[in-house]
Chemist: 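Before I ask anything, let me first share the structure, which is written out below as structure tokens.
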Amino acid sequence: MMTMSTEQYFSTELLAWYRLQKRDLPWRQNRDPYRIWVSEIMLQQTRVDTVIPYYLRFMEKFPTVRALAEAPEEEVLKCWEGLGYYSRARNLQAGARTVADLYDGIIPDDTASVSGLKGVGPYTTGAIMSIAFNRPEPAVDGNVMRVLSRYFCLEEDIARPATRVSIEKLAASLIPEGEAGDFNQALMELGALVCTPKSPGCLTCPVMEHCAARIAGRELELPVKTKAKPPRVELRASVIVTGRGEQEGKVLVRQRPDSGLLAGMWELPHILLPDGGKMWFPESERERNSEATEQLARLVDEEAGVLIRPHGIREDADHLFSHIHWKMRIYEADTGKADDAVEPLAAAEAPAPYHVSSPYRWIGKEDMGELPFPNLFLRILNDYWEGKRQR
DNA sequence: AAATCGGGGAC
DNA sequence: GTCCCAGATTT
């Protein structure tokens with residue numbers, strides 16, 4: 001028998017293992033490039049179990065490229081609500097519109113064209129080309145970098161962009177003839193099910209015999225990855241404004257700008273406060289509260305033309321992003337009326353009452369289903385509608 | 001090369 | 001608490 005290289009052994013054994021062990025996932029029902037595309041975008045930095053319910057709802061609502069291309073952006077974001085990295089949804093729809101307009105609604109079997117779609121980077125290009133079209137392109141994600149770092153005992157820092165490039169070349173060289181789709185998925189499946197970050201299951205690994213890291217007893221040291229910086233702390237003040245009269249029982253919300261953090265999503269109005277030691281309770285909590293509520297009142301007056309009277313603290317909430325840690329205090333406020341005995345705060349020029357410029361809206365509980373909210377505000381508002389008392 | 005983009009599951 | 005997940009884009 002001909003001797004087999006460790007590379008040939010790896011690809012052959014991995015592929016055989018995958019065909020026996022692969023999970024039955026919704027996007028593996030067929031090779032429809034659109035279904036593969038949507039799944040790969042959703043799976044970016046997101047676990048399979050988290051994606052599945054979103055994927056099923058999304059495919060039901062937007063079953064084809066054209067359905068997605070023709071939908072209002074707000075509906076797409078609403079379908080993405082809670083999944084995070086919302087630019088993925090906006091880019092995906094932009095890509096769908098490109099395919100609808102330029103490629104007659106058919107995703108082209110062409111690497112350069114697929115790579116040119118918004119939100120489709122090196123990994124997703126390889127995933128779509130290999131899984132949907134069986135083209136021999138590498139698809140290197142975190143799983144693949146971990147698996148190959150261990151099997152070949154590579155010590156390059158996988159946090160460095162250059163490392164992904166070099167591992168792509170290695171991964172491409174390992175693709176068996178005519179088996180790109182299954183091989184790439186097999187690499188990722190092994191990383192997800194066996195060659196896991198914490199306690200890899202070397203005893204059940206199909207390629208353990210020739211795994212360099214395991215042989216060297218170094219599987220727990222690899223891959224090498226520099227640690228991320230801790231998120232910066234931001235102190236924020238937000239407000240639930242409850243309406244009166246025309247707006248009885250409604251709450252004032254606003255839409256975020258169409259770029260940057262949580263782009264296009266809806267939220268409660270809030271402001272960034274100066275550091276102040278990043279604590280809500282220095283000696284002078286009262287001054288801090290009055291300064292925050294005054295600024296909020298000024299903001300809501302100027303941006304929405306609504307006069308408010310803050311009357312208490314609803315809750316404090318922490319929300320963690322990858323790079324920012326929001327420490328937010330949520331106040332409660334009423335809307336002032338012209339004939340009120342109590343003078344509302346920020347009663348400056350007294351603009352037209354209840355006039356709300358476009359990024360602001362009064363909404364009731366029944367409107368929550370219309371607008372996309374990030375998780376923090378979704379939770380706060382749902383608690384509010386359920387009548388939960390805070391503090 | 002580094003920062004910016006969410007949220008949650010596993011430990 | 002930590003790590004990191006079927007990463008892409010911007011600076």
Side-chain angles (χ1 to χ4, degrees), chain A residues 18 22-23 25-28 35-55 77 80-92 94-95 115-132 138-147 157-165 167-168 171 181 183-193 195-199 220 223 225-232 234 256-265 267 318-326 372-379:
Chain A
Y18 175 69
K22 69 176 176 182
R23 291 169 290 180
L25 300 173
W27 43 90
R28 286 181 177 163
R35 292 175 60 85
I36 305 298
W37 181 16
V38 171
S39 75
E40 291 302 340
I41 300 298
M42 282 193 174
L43 286 161
Q44 288 169 6
Q45 298 292 285
T46 312
R47 295 169 196 285
V48 165
D49 290 341
T50 303
V51 164
I52 289 175
Y54 281 91
Y55 180 79
L77 279 177
W80 212 271
E81 182 182 73
L83 197 52
Y85 287 142
Y86 299 100
S87 67
R88 290 184 297 174
R90 293 147 52 91
N91 288 336
L92 176 58
S115 177
L117 297 171
K118 274 194 180 177
V120 178
Y123 162 76
T124 307
T125 299
I128 294 173
M129 295 312 296
S130 62
I131 299 171
V140 174
D141 69 341
N143 286 312
V144 175
M145 288 196 284
R146 183 173 58 254
V147 168
D157 180 357
I158 65 169
R160 289 174 51 235
T163 301
R164 196 211 73 236
V165 175
I167 292 185
E168 272 175 354
F183 177 73
N184 283 346
Q185 292 185 84
L187 268 174
M188 295 186 278
E189 198 84 340
L190 188 71
L193 298 181
C195 195
T196 52
K198 297 290 174 97
S199 52
L220 293 179
K225 185 179 183 182
T226 60
K227 282 187 286 192
K229 282 173 40 180
R232 68 174 179 275
E234 286 186 5
R256 295 181 62 86
D258 76 346
S259 68
L261 184 67
L262 303 171
M265 304 292 283
E267 65 179 4
D318 280 73
H319 193 70
L320 210 51
F321 301 96
S322 307
H323 57 304
I324 311 175
H325 181 171
W326 276 0
F373 291 89
N375 268 16
L376 170 62
F377 296 106
L378 196 58
R379 200 216 82 227

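Just so we're on the same page: letters track the sequence lines, and every chain starts at 1. All heavy atoms count here, side chains included; hydrogens, waters and symmetry mates do not.
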Chemist: Just the rounded figure in Å: distance from C1' of B/dA3 to CZ of A/Phe321.
Modeler: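 Atom-to-atom, A/Phe321 to B/dA3, this comes out as 16 Å.
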Chemist: Roughly how far, to the nearest 0.5 Å, is CG of A/Asp258 from OG of A/Ser87?
Modeler: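 Rounded to the nearest 0.5 Å, the OG-CG separation comes to 12.0 Å.
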Chemist: On the side chain of A/Tyr85, is there an atom forming a donor-acceptor pair with the base of B/dG6 - under 3.5 Å, no angle test?
Modeler: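 When only heavy-atom distances are counted, A/Tyr85 does reach the base of B/dG6 through a donor-acceptor pair under 3.5 Å.
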Chemist: What does A/Arg379 touch in the nucleic acid at a heavy-atom separation under 4.0 angstrom: a base, only the sugar-phosphate, or nothing?
Modeler: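 Nothing, no heavy atom under 4.0 Å.
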Chemist: Looking only at atom P, what distance separates B/dG6 and C/dT11, rounded to whole Å?
Modeler: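 Those two atoms are separated by 15 Å.
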Chemist: How is A/Leu25 classified with respect to the nucleic acid when contacts are heavy atoms under 4.0 Å: base, sugar-phosphate, or nothing?
Modeler: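 If one applies the 4.0 Å heavy-atom cut-off, A/Leu25 turns out to touch a base.
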Chemist: Counting the atoms with a prime plus P, OP1 and OP2 as sugar-phosphate, which does A/Trp326 contact under 4.0 Å by heavy atoms, base, sugar-phosphate, or nothing?
Modeler: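 No contact.
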Chemist: C/dG7 P sits how many Å from A/Asp141 CG, rounded?
Modeler: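 Those two atoms, CG and P, are 5 Å apart.
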Chemist: Counting the atoms with a prime plus P, OP1 and OP2 as sugar-phosphate, which does A/Arg256 contact under 4.0 Å by heavy atoms, base, sugar-phosphate, or nothing?
Modeler: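 Touches nothing.
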Chemist: To the nearest 0.5 angstrom, please state how far the CZ atom of A/Phe321 sits from the CZ atom of A/Arg232.
Modeler: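 That separation rounds to 10.5 Å.
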Chemist: To the nearest angstrom, how far is A/Ile41 atom CD1 from B/dC5 atom P?
Modeler: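 Distance check: A/Ile41 CD1 to B/dC5 P gives 19 Å.
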Chemist: Just how far is it from atom CD of A/Gln44 to atom OG1 of A/Thr124, taken to the nearest 0.5 Å?
Modeler: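 Answer rounded to 0.5 Å: 4.0 Å.
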Chemist: Within the structure shown, what part of the strands sits under 4.0 Å from A/Thr196 by heavy-atom distance: base, sugar-phosphate, or nothing?
Modeler: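 Nothing: the residue A/Thr196, judged by heavy atoms under 4.0 Å, touches no strand.
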Chemist: I'd like to know if the side chain of A/Tyr123 and the backbone of A/Gly142 have a donor-acceptor N/O pair within less than 3.5 Å.
Modeler: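 Not confirmed, A/Tyr123 side chain does not pair with A/Gly142 backbone.
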Chemist: Measure CD/A/Glu168 against C1'/C/dA6 and give the value in whole Å, please.
Modeler: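 In whole Å, C/dA6 C1' lies 14 Å from A/Glu168 CD.
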Chemist: Considering just the side-chain nitrogens and oxygens of A/Gln44, establish if one lies under 4.0 Å of OP1 or OP2 belonging to C/dG7.
Modeler: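 It does not, given that no N or O in the side chain of A/Gln44 lies less than 4.0 Å from OP1 or OP2 of C/dG7.
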Chemist: What's the closest nucleotide to the A/Leu262 side chain, out of B/dA1, B/dG6, B/dG8?
Modeler: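 Given the options B/dA1, B/dG6, B/dG8, the side chain of A/Leu262 is closest to B/dG6.
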Chemist: When you measure from the side-chain N and O atoms of A/Lys198 to the phosphate of B/dA10, is any distance below 4.0 Å, counting only OP1 and OP2?
Modeler: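 So the side-chain polar atoms of A/Lys198 never come under 4.0 Å of the phosphate oxygens OP1 or OP2 of B/dA10.
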Chemist: How long is the line joining CG of A/Leu92 and P of C/dG7, in whole Å?
Modeler: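 Rounding to the nearest Å, CG of A/Leu92 and P of C/dG7 are 16 Å apart.
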Chemist: Expressed as a whole number of angstroms, how long is the span from A/Glu40:CD to C/dG7:C1'?
Modeler: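 After rounding, the gap between these two atoms is 11 Å.
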Chemist: Mind checking A/Arg146 for me? I need base, sugar-phosphate or nothing, with any heavy atom below 4.0 Å counting as a touch.
Modeler: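 The answer is sugar-phosphate, as A/Arg146 gets under 4.0 Å only of primed atoms, P, OP1 or OP2.
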Chemist: Tell me the closest heavy-atom pair linking A/Pro138 and A/Ala171, and the distance in Å.
Modeler: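 Smallest heavy-atom distance, with atoms named: CB-CB, 4.1 Å.
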Chemist: Starting at CG of A/Leu320 and ending at C1' of C/dC4, how long is that distance when rounded to a whole Å?
Modeler: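 Nearest whole value for this atom pair: 13 Å.
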Chemist: Check this one for me: any side-chain N or O of A/His323 less than 4.0 Å away from OP1 or OP2 of B/dA3?
Modeler: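 So the side chain of A/His323 is outside the cut-off, no N or O lying under 4.0 Å from OP1 or OP2 of B/dA3.
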Chemist: Would the base of B/dG6 count as contacting A/Ser322 through its side chain, where contact means a donor and an acceptor less than 3.5 Å apart?
Modeler: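 Yes.
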Chemist: Please pick, from B/dG7, C/dA6, B/dC5, the nucleotide with the shortest atom-to-atom distance to any side-chain atom of A/Pro374.
Modeler: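 For A/Pro374, the side-chain atoms sit closest to B/dG7.
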Chemist: Quick one: which of B/dA1, B/dG7, C/dA6 gets closest to the side chain of A/Val48?
Modeler: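 The nucleotide sitting nearest to the side chain is C/dA6.
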Chemist: Under the side chain to side chain contact (heavy atoms under 4.5 Å, CB included) test against A/Ser115, which residue among A/Val120, A/Ile128, A/Thr125 passes?
Modeler: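 In the set A/Val120, A/Ile128, A/Thr125, the residue that makes a side chain to side chain contact (heavy atoms under 4.5 Å, CB included) with A/Ser115 is A/Thr125.
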Chemist: Reckon A/Asn91 has a side-chain N or O less than 4.0 Å from the OP1 or OP2 of C/dA8?
Modeler: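 Indeed not, no polar side-chain atom of A/Asn91 lies that close.
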Chemist: Please tell me which of A/Gly84 and A/Lys229 maps to the more 5' nucleotide of DNA chain B, matching each residue to the nucleotide holding its nearest heavy atom.
Modeler: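 Result of the comparison: A/Lys229.
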Chemist: Between A/Arg146 (side chain) and A/Ile158 (backbone), is there a donor-acceptor pair under 3.5 Å?
Modeler: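 Answer holds: no.
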Chemist: Measure the CE-CD distance between A/Met265 and A/Glu81 for me, rounded to the nearest 0.5 Å.
Modeler: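 Interatomic distance, A/Met265 CE to A/Glu81 CD, rounded to 0.5 Å: 5.5 Å.
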Chemist: Starting at atom OH of A/Tyr18, determine the distance to atom P of C/dA6, rounded to an integer number of angstrom.
Modeler: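 Rounded to the whole Å, the gap is 14 Å.
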Chemist: Can you see if the side chain of A/Thr124 gets near the phosphate of C/dA6 - specifically, an N or O under 4.0 Å from OP1 or OP2?
Modeler: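 Negative; the distance criterion is not met.
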Chemist: Between B/dG8, B/dA1, C/dA6, which nucleotide gets closest to the side-chain atoms of A/Ala192?
Modeler: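 Minimum distance to the A/Ala192 side chain belongs to C/dA6.
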Chemist: Picking from B/dG6, C/dA6, C/dC4, which would you name as closest to the side chain of A/Trp27?
Modeler: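 Taking heavy atoms from C-beta onward, the closest nucleotide is C/dA6.
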Chemist: Report which part of the nucleic acid A/Gly191 touches: base, sugar-phosphate, or nothing (heavy-atom distance under 4.0 Å, all strands).
Modeler: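 Nothing: the residue A/Gly191, judged by heavy atoms under 4.0 Å, touches no strand.
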Chemist: Measuring only the P atom in each nucleotide, how far is B/dC11 from C/dA6? A whole number of Å is fine.
Modeler: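 Rounded to whole Å, the distance is 14 Å.
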Chemist: Looking only at atom C1', what distance separates B/dC5 and C/dC5, rounded to whole Å?
Modeler: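 Rounded to whole Å, the distance is 15 Å.
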Chemist: Need to verify one output field. Residue with the more 5' nearest nucleotide on DNA chain B, A/Arg160 or A/Ser87?
Modeler: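 Its nearest nucleotide lies further toward 5', so the answer is A/Arg160.
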Chemist: At less than 3.5 Å, do the side-chain atoms of A/Arg47 and the base atoms of C/dC4 form a donor-acceptor pair?
Modeler: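 Under the 3.5 Å cut-off, the side chain and the base do form a donor-acceptor pair.
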Chemist: State whether the distance check finds a donor on one side and an acceptor on the other, under 3.5 Å, for side chain A/Thr46 versus base B/dG6.
Modeler: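 Indeed, a donor on one side and an acceptor on the other fall under 3.5 Å apart.
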